[in-house]
Enquirer: 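Please see the structure below; I have some questions.
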Amino acid sequence: MKKMTSMALTLPLLFSFASGALAKPQIQNDSNLGVYYEIYVNSFSDSNNDGKGDLNGILQKLDYLNDGNPHTKKDLGVDSLWLMPIGPSPSYHKYDTTDFYSVDPAYGSMEDFRSLTQEAHKRGMKVTIDLALNHTSNKHPWFLEAAKDKNSPYRDYYIWADENTDLNEKGPWGQQLWHESYPGSGDYYYALFIDFMPDLNFDNPKVREEMINVGKHWLNQGADGFRLDAAMHIYSKPDEADKNVAWWDEFKRGLAEVKPDVYLVGEVWDRPYKIAPYYKALDSSFNFDVSSKILDAVQNGSDNGLASFASNTLDLYSSYASNPIDAPFLTNHDQVRTMSLLNGDVNKAKTAASILLTLPGNPFIYYGEEIGMLGEKPDENIREPFRWYPGSGEGQTNWEPSRDNSGPDAVSVEAQAKDKESLLSHYKELIRIRHESPALMKGDIREMPTGDSRIIGYTRTFEDDSVLVLHNLSGDTVTIELSGEQWQGRKLDFATSNSVKVKKSGDQLEITIPGYTTCGLK
């Protein structure tokens, strides 16, 4: 168990929200709304021909992501980047840092990061970076000193076993939790995830202050917000969720001193009722259940109550925040890639994208999803080099040999950029449709029953703007009829196929939707 040496100093924080002191987040600035794009820096673009991705590589490819001109159609059109960890680390993924305040030299310098954020801001883009505050590397100077000297000021930055500790205690995945700092030392530290990632002790107010300073540091360098890794594990016991929320509220309030509209999105990999309380402190939390429902509906070609689930989830979140921003996605860097789950079916991938980009909140796209990159476990293979070309070319990284995305038929930007029917073109079109619609950008969601399980229907409404969105999950051409009460005089606004037909017949609307097609009626 954790040593509680600092508990007396932390009681006001830990119990503040229970007495109602934890304020609901303010209504969000519209600048935090948009389409977010997740990048594993090492895989995206190489600026210095060493085979590894870097910050300057991303800067050189900003026009692919967003060229700053809303009237052009060549760029993807995303509004914000999410950069996976960029700090120094002995691990390839960099989720265990040795310095919270620096850029890994393999990725570039702090000056490179500032240049990237400045150029992104010129295009109207935000930059969100990954913060893994739950732990450090066991090579971090803090830990090395703490393990060497029990009187070190950094000793209480970590969690150490005492005479009452069960050293055989197992974690939620059956993992070992206590690890010996040095062979034969008899000195054991706590690490939830793996032995080389020792947990920080957030019962220590100095740790909390340090982490707030880390966040302020990156905001001062140009970051606009943070993706918070393992947000539910800062305090790792099942009964400590309230302490997690209280900590993130303290963190948010501290950062607001530097940037009042800082955007925080948390990784709380749990059910909605467990996620919901985090909206007391965070702006968004990734919606893993909506992700699963999108992919299940697309795989099986049948409505599974997705719209109703998304609506009920937002209603739940609204009991904790005045204007919650959901964070839907398809898959991320910890999961089998979307195209692999869909067995390479481009039509289903397009439908999944159409659903994602017409749901409420801030949709997150994992790099390569827009071109249909494949990827299955182990993790290195779902983080393979982004494919700019079928072969090699300027910016192409090769840090990891591509197992799933190689060969003359491999997907790539070059192969899809000029193809109007490509998956990449589909993503570009849907992102632009979203940007042009206040209802899709800001609206609520309500299920619209269609009478046919192959068609998902829902309305998105913001003030006086309303869109009825219909997705054909099947490969069949399907005709549905909506009563006057359902369609309310709507007309076709957009469609991903030129073959959608809308015919008014008395007080009914007859809509014919080709297979794997999405349309919207206003």
Side-chain angles (χ1 to χ4, degrees), residues 38-59 81-117 127-148 152-154 157-158 179 181 189 191-202 206-207 209-230 233-234 251 267 333-334 367 379-380 383 385 397-400:
E38 179 187 1
I39 294 177
Y40 174 47
V41 178
N42 200 23
S43 284
F44 195 66
S45 179
D46 171 20
S47 71
N48 58 4
N49 299 315
D50 66 355
K52 299 176 181 178
D54 47 52
L55 296 176
N56 282 332
I58 298 174
L59 187 150
L81 307 181
W82 156 21
L83 306 183
M84 289 171 63
I86 60 174
S89 169
S91 300
Y92 84 93
H93 50 67
K94 305 194 187 307
Y95 275 99
D96 53 328
T97 191
T98 56
D99 183 355
F100 283 107
Y101 295 92
S102 299
V103 173
D104 192 299
Y107 284 179
S109 65
M110 191 62 74
E111 183 179 354
D112 295 334
F113 178 76
R114 288 193 292 267
S115 296
L116 174 59
T117 61
V127 178
T128 302
I129 63 173
D130 216 318
L131 282 187
L133 303 184
N134 176 76
H135 51 262
T136 68
S137 166
N138 64 351
K139 302 294 191 296
H140 195 292
W142 298 344
F143 184 78
L144 293 175
E145 186 173 329
K148 181 176 63 176
S152 164
Y154 294 110
Y157 271 43
Y158 298 90
H179 309 274
S181 57
Y189 63 91
L192 175 67
F193 291 104
I194 197 167
D195 59 350
F196 58 80
M197 294 182 178
D199 280 36
L200 287 166
N201 175 20
F202 278 79
K206 291 183 179 179
V207 169
E209 181 182 5
E210 186 88 55
M211 294 302 102
I212 291 171
N213 287 336
V214 167
K216 288 179 175 180
H217 165 76
W218 287 103
L219 294 177
N220 286 327
Q221 303 307 313
D224 298 287
F226 303 104
R227 181 265 184 182
L228 304 171
D229 180 65
H233 296 300
I234 297 299
F251 184 69
E267 181 199 25
H333 62 276
D334 289 322
Y367 82 94
D379 286 347
E380 289 86 342
R383 303 166 186 174
T397 68
N398 58 18
W399 73 274
E400 172 84 355

Enquirer: Give the minimum heavy-atom separation between D54 and A106, together with the two atoms involved.
Expert: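 Taking every non-hydrogen atom into account, CB-O, 4.0 Å.
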Enquirer: Any chance you could measure D104, atom CG, to S91, atom OG, to the nearest 0.5 Å?
Expert: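 Here the rounded value is 10.5 Å.
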Enquirer: Are any of the side-chain heavy atoms of P153 and E145 separated by less than 4.5 Å?
Expert: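 Yes, their side chains come closer than 4.5 Å.
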Enquirer: Taking C-beta and beyond as the side chain, do L59 and S115 meet within less than 4.5 Å on heavy atoms?
Expert: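 Of all side-chain heavy-atom pairs linking S115 with L59, at least one is under 4.5 Å.
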Enquirer: Looking only at non-hydrogen atoms, find the nearest pair between S137 and P90 and report the distance.
Expert: OG-CG, 3.5 Å
Enquirer: Test side-chain contact (heavy atoms from CB on, under 4.5 Å) on F100 and H140; report intermediate values, then the result.
Expert: CA-CA 10 Å; F100 283 107; H140 195 292; 4.2 Å; yes
Enquirer: Which atom names give the shortest non-hydrogen contact between G57 and S45, and what distance separates them?
Expert: O-OG, 3.2 Å
Enquirer: Would you check if there is a donor-acceptor pair between the side chains of E210 and Y157 at a distance under 3.5 Å?
Expert: yes
Enquirer: Indicate whether any N or O donor in one side chain lies under 3.5 Å from an N or O acceptor in the other, for D112 and S109.
Expert: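 Short answer, yes.
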Enquirer: Evaluate the ring planes of W142 and Y154, with Trp represented by its six-membered ring, and classify them as parallel (under 30°), tilted (30 to 60°) or perpendicular (over 60°).
Expert: parallel
Enquirer: Return the CG to CE distance between D96 and M197, rounded to the nearest 0.5 Å.
Expert: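 The distance works out to 4.0 Å.
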Enquirer: What is the distance from atom CD1 of I39 to atom CD1 of I129, rounded to the nearest 0.5 Å?
Expert: 13.0 Å
Enquirer: Is the side chain of D224 donor-acceptor paired with the backbone N or O of V127 at a distance under 3.5 Å, no angle test?
Expert: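 The answer is yes, because a donor-acceptor pair under 3.5 Å joins these two groups.
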Enquirer: Could you check whether D46 pairs with K52 (Lys NZ or Arg NE/NH1/NH2 to Asp/Glu carboxylate O, under 4.0 Å)?
Expert: no
Enquirer: How long is the straight-line distance from OG of S43 back to CE of M84, given to the nearest 0.5 Å?
Expert: 8.5 Å
Enquirer: Side chain to side chain contact (heavy atoms under 4.5 Å, CB included) with D99: which residues, sequence neighbours excluded?
Expert: P88, Y101, S102
Enquirer: What class does the angle between the rings of H179 and Y189 fall in, given that below 30° is parallel, 30 to 60° is tilted and above 60° is perpendicular?
Expert: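 H179 and Y189: tilted rings.
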Enquirer: Taking all non-hydrogen atoms of both residues, which atom of A223 and which atom of T117 are closest, and how far apart?
Expert: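 Of all heavy-atom pairs spanning A223 and T117, the closest is N-CG2, 4.3 Å.
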Enquirer: Mark yes or no for whether Y367, through its side chain, and R383, through its backbone, hold a donor-acceptor pair below 3.5 Å.
Expert: yes
Enquirer: Counting distance only, does the side-chain N/O of E267 pair as donor-acceptor with the main-chain N or O of A230 below 3.5 Å?
Expert: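 Pair found, side chain donor or acceptor close to backbone of A230.
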Enquirer: Compare all side-chain heavy atoms of V41 with those of I58 and state whether any distance is below 4.5 angstrom.
Expert: yes
Enquirer: Got a second to check how far F202's CZ is from N134's CG, nearest 0.5 Å?
Expert: 7.0 Å
Enquirer: Begin from the C-alpha positions of T397 and Y40 and carry the test side-chain contact (heavy atoms from CB on, under 4.5 Å) through to its verdict.
Expert: CA-CA 11 Å; T397 68; Y40 174 47; over 6 Å; no
Enquirer: Working to the nearest 0.5 Å, report the span between CD of E111 and CG of L116.
Expert: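 Between E111 CD and L116 CG, I get 12.5 Å after rounding to 0.5 Å.
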Enquirer: Please confirm whether the ring centroid of F193 lies under 6.0 Å from the ring centroid of Y95.
Expert: no
Enquirer: Counting C-beta onward and ignoring hydrogens, is there a side-chain heavy-atom pair between Y107 and L83 closer than 4.5 Å?
Expert: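 Side-chain contact under 4.5 Å: no.
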Enquirer: Would Y158 and V207 satisfy side-chain contact (heavy atoms from CB on, under 4.5 Å), going step by step from the backbone distance to the final call?
Expert: CA-CA 9 Å; Y158 298 90; V207 169; over 6 Å; no
Enquirer: Show the numbers, then the answer: is there a side-chain contact (heavy atoms from CB on, under 4.5 Å) between V214 and M211?
Expert: CA-CA 5 Å; V214 167; M211 294 302 102; 4.2 Å; yes
